[in-house]
Amino acid sequence: MCGIVGYIGSKDTMPILLDSLKKLEYRGYDSSGMAFLDHEAHLLVRKAKGKICNLEELFRAQPLPYTRVGISHTRWATHGFPSDINAHPHIDGKNSIAVVHNGIIENYKELRDFLKKKGCKFVSATDSEVIPHLIAHFYKGDLFSAVKQALQKLIGTFALGVISRDHPGMLIAARVGSPLIIGIGEKENFIASDVPAILDFTRRVIYLKDSEIAVLTKDKVDLYTFEGKKVTPHIDTVSFSVTTARKEGYPHFMIKEIHEQSSVLEQMLALRLKNKKLVLEGLKLSDAFLKNVRKVSIVACGTAYHAGLVGKYIIESLGRLSVEIETSSEFRYRNPIIDKHTLVLAVSQSGETADTLAAVREAKAKGAKVIAICNVVGSSLAREADGILYTYAGQEIGVASTKAYTAQLMMFYLLALKLATVRKSITPKASKELMDQLLRVPALYKEVLKDIHKIQKIAEANSHFGCFLFLGRHVNYPSALEGALKLKEISYIPAEGYAAGEMKHGPIALIDEYRAVVCINPQSHVYDKMSSNMQEIRARKGNVIAIATRGDHEIKSNADYVIDIPKVADILSPLLVALPLQLLAYYIAVKRGCDVDQPRNLAKSVTVE
Ligand code: F6R
């Protein structure tokens, strides 16, 4: 994963890199570092383990001279644990060439052995360190040529930034697989892993393509293929803006984002259900195509995958269309059976998840049409898909996805309605009723939030449990998976989600008085089945926290704690169930003193396999 920023120009480099790098912290935050060339072309390298604020602290303690070129990196460890030594930039043996790398060098072991035999000494445990040594190995006075030769030897994914003491007026960048953009300024140029990182400085960008090298000076940018053929750059002017999110009085971004969900959904509905008419701008597929689609295939990872699982139930139920779903990392290597009659839905908050991007490329290569459901405007996924349905949930800073998830769910209801309408599997009356119910959801969120203190108390009362199970049936089976994921990622408590009917096939062995079991059981056609499962847990002394429909008094006899949600149609319940699940996870993690916005080992955007 990791994030990269580079600068070449006339301004002081460090403050520019620091400002931009902080905007990439969502890509990793276990360590960070920068390399600069000063006016005497000395290579200055600074690194710090931990978040970028630690690096900032280092600059305060050891101020740098004014520099006009530099590269920087925020890391999410793949090879080698987080430490100053494993942090980027990495340098060659002569302290001459510095490299920042996002991606994985798969053949690093062979390259390392080869370079060791040539006398190179390695100091880190990273795959990335081979790159500066390899460039140095090929270097005979021409940096571009040395980088080009080194690139021929690298196998894997990478976005690179390279500077050299011998070429203080030059910054070289290259990519395969990992994203990299070039920012064009006035007598200054930039490289970055994404556009928002440099939007404060320029709106003119080049999206570097796979197997392209960029040579930047302060006055110009030249592009080449890896073979050295010159390429004419295409400069885009970015029209979107990114506002810097603030906590606005909330203790964490996560709880702020949980609260925002009502207005996110309200705005989404205002945009997409204008006068009860579906407006799916960006879909770019004709009704004729949608009518004749033979199969829907959903690809996504993590929380977005759980939204996709709910989407499967919704599309199958409303659109009467067969839906497959798979995590992107499995889909991409499975040789999936899809063709031009398949509609592939790629779901991603960031639009930068490497596995999902690879799955999209696989689907497109097989002739399928790909529609992205994505939050980040202008992301790689948005650019690569055939159509894009933006969720417009706003910037999500908390690493644990909350508002992006519920916005994805809402988009699935709207898309399913569209498919059902085109395919005539829903009557106009039922369609209108569903729209009316959807339009009521934002207000219902506010109702659930009225119980926030009660949910907080329930969370705190159960925060000591060392293991949680989350159970649900039918459309809330994915809710159970999502509830478990939310809890484990921010509290580090082992938590598993199951389809409640599967309990008796194994997981029930886990139940005793030391387990907490969250049972998602709103009124629905599987209510009685789920109630039986709850009794089975109580019979084995499990502690039950139920999520149930307001007014359900019967449930109290099967549960230690009950969290109410307002009554909605069965199929809409995942939208409402999400909120107490998020709050339970949040308050348990806070009670346990965890870093909820930036949990250990995670990153907001997973840009490596
Ligand atoms: C969990 C979470 C992750 C992401 C996953 C996919 O709270 O946020 O599981 O959902 O990494 O990320 P996107 O949606 O950006 O593709």
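Both counts, for ligands and for their atoms, begin at 1 and track the order of listing. These numbers come from the heavy atoms of this one structure, side chains and all, not from hydrogens, waters or symmetry mates.
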[X]-ligand 1 polar pair, N/O distance under 3.5 Å:
X: Ser350; result: yes
X: Lys604; result: no
X: Thr353; result: yes

I'd like to know whether ligand 1 has [X] as a neighbour, heavy-atom separation below 4.0 Å.
X: Val399; answer: yes
X: Lys486; answer: yes
X: Ser605; answer: no

Checklist line | Cation-pi, Phe158 ring and Arg175 (6.0 angstrom, 45 degrees) | finding: no

Notebook entry, point to check: Taking the six-membered ring of Tyr492, is the NZ or CZ of Arg600 close enough (under 6.0 Å from the centre) and on axis enough (within 45°)?
Noted result: yes

Next item on the list: Could you please spell out the steps behind the ring pair (Phe, Tyr, Trp, His ring centres under 6.0 Å) verdict for Phe201 and Phe190?
Entry: CA-CA 9 Å; Phe201 306 105; Phe190 305 79; 5.4 Å; yes

Next item on the list: Could you tell me whether the side chain of Ser479 and the main chain of Val577 form a donor-acceptor pair under 3.5 Å?
Entry: no

Next item on the list: Taking all heavy atoms of Phe253 and all of Arg246, pick out the closest pair and write down the distance.
Entry: CE2-C, 3.5 Å

Next item on the list: Indicate whether the side chain of Thr406 and that of Gln261 have a donor and an acceptor atom separated by less than 3.5 Å.
Entry: yes

Next item on the list: For Ser401, counting its heavy atoms only, list the atoms of ligand 1 lying under 4.0 Å from any of them.
Entry: 7 (O), 8 (O)

Give me the residue, atom name and distance of the protein heavy atom closest to [atom].
atom: atom 11 (O) of ligand 1; value: Val606 CG2, 3.9 Å
atom: atom 7 (O) of ligand 1; value: Glu489 OE2, 2.5 Å
atom: atom 4 (C) of ligand 1; value: Thr303 N, 4.0 Å

Margin query: Please check if the number of heavy atoms outside Lys369 that lie under 6.0 Å from its NZ is greater than 12.
Written below: no

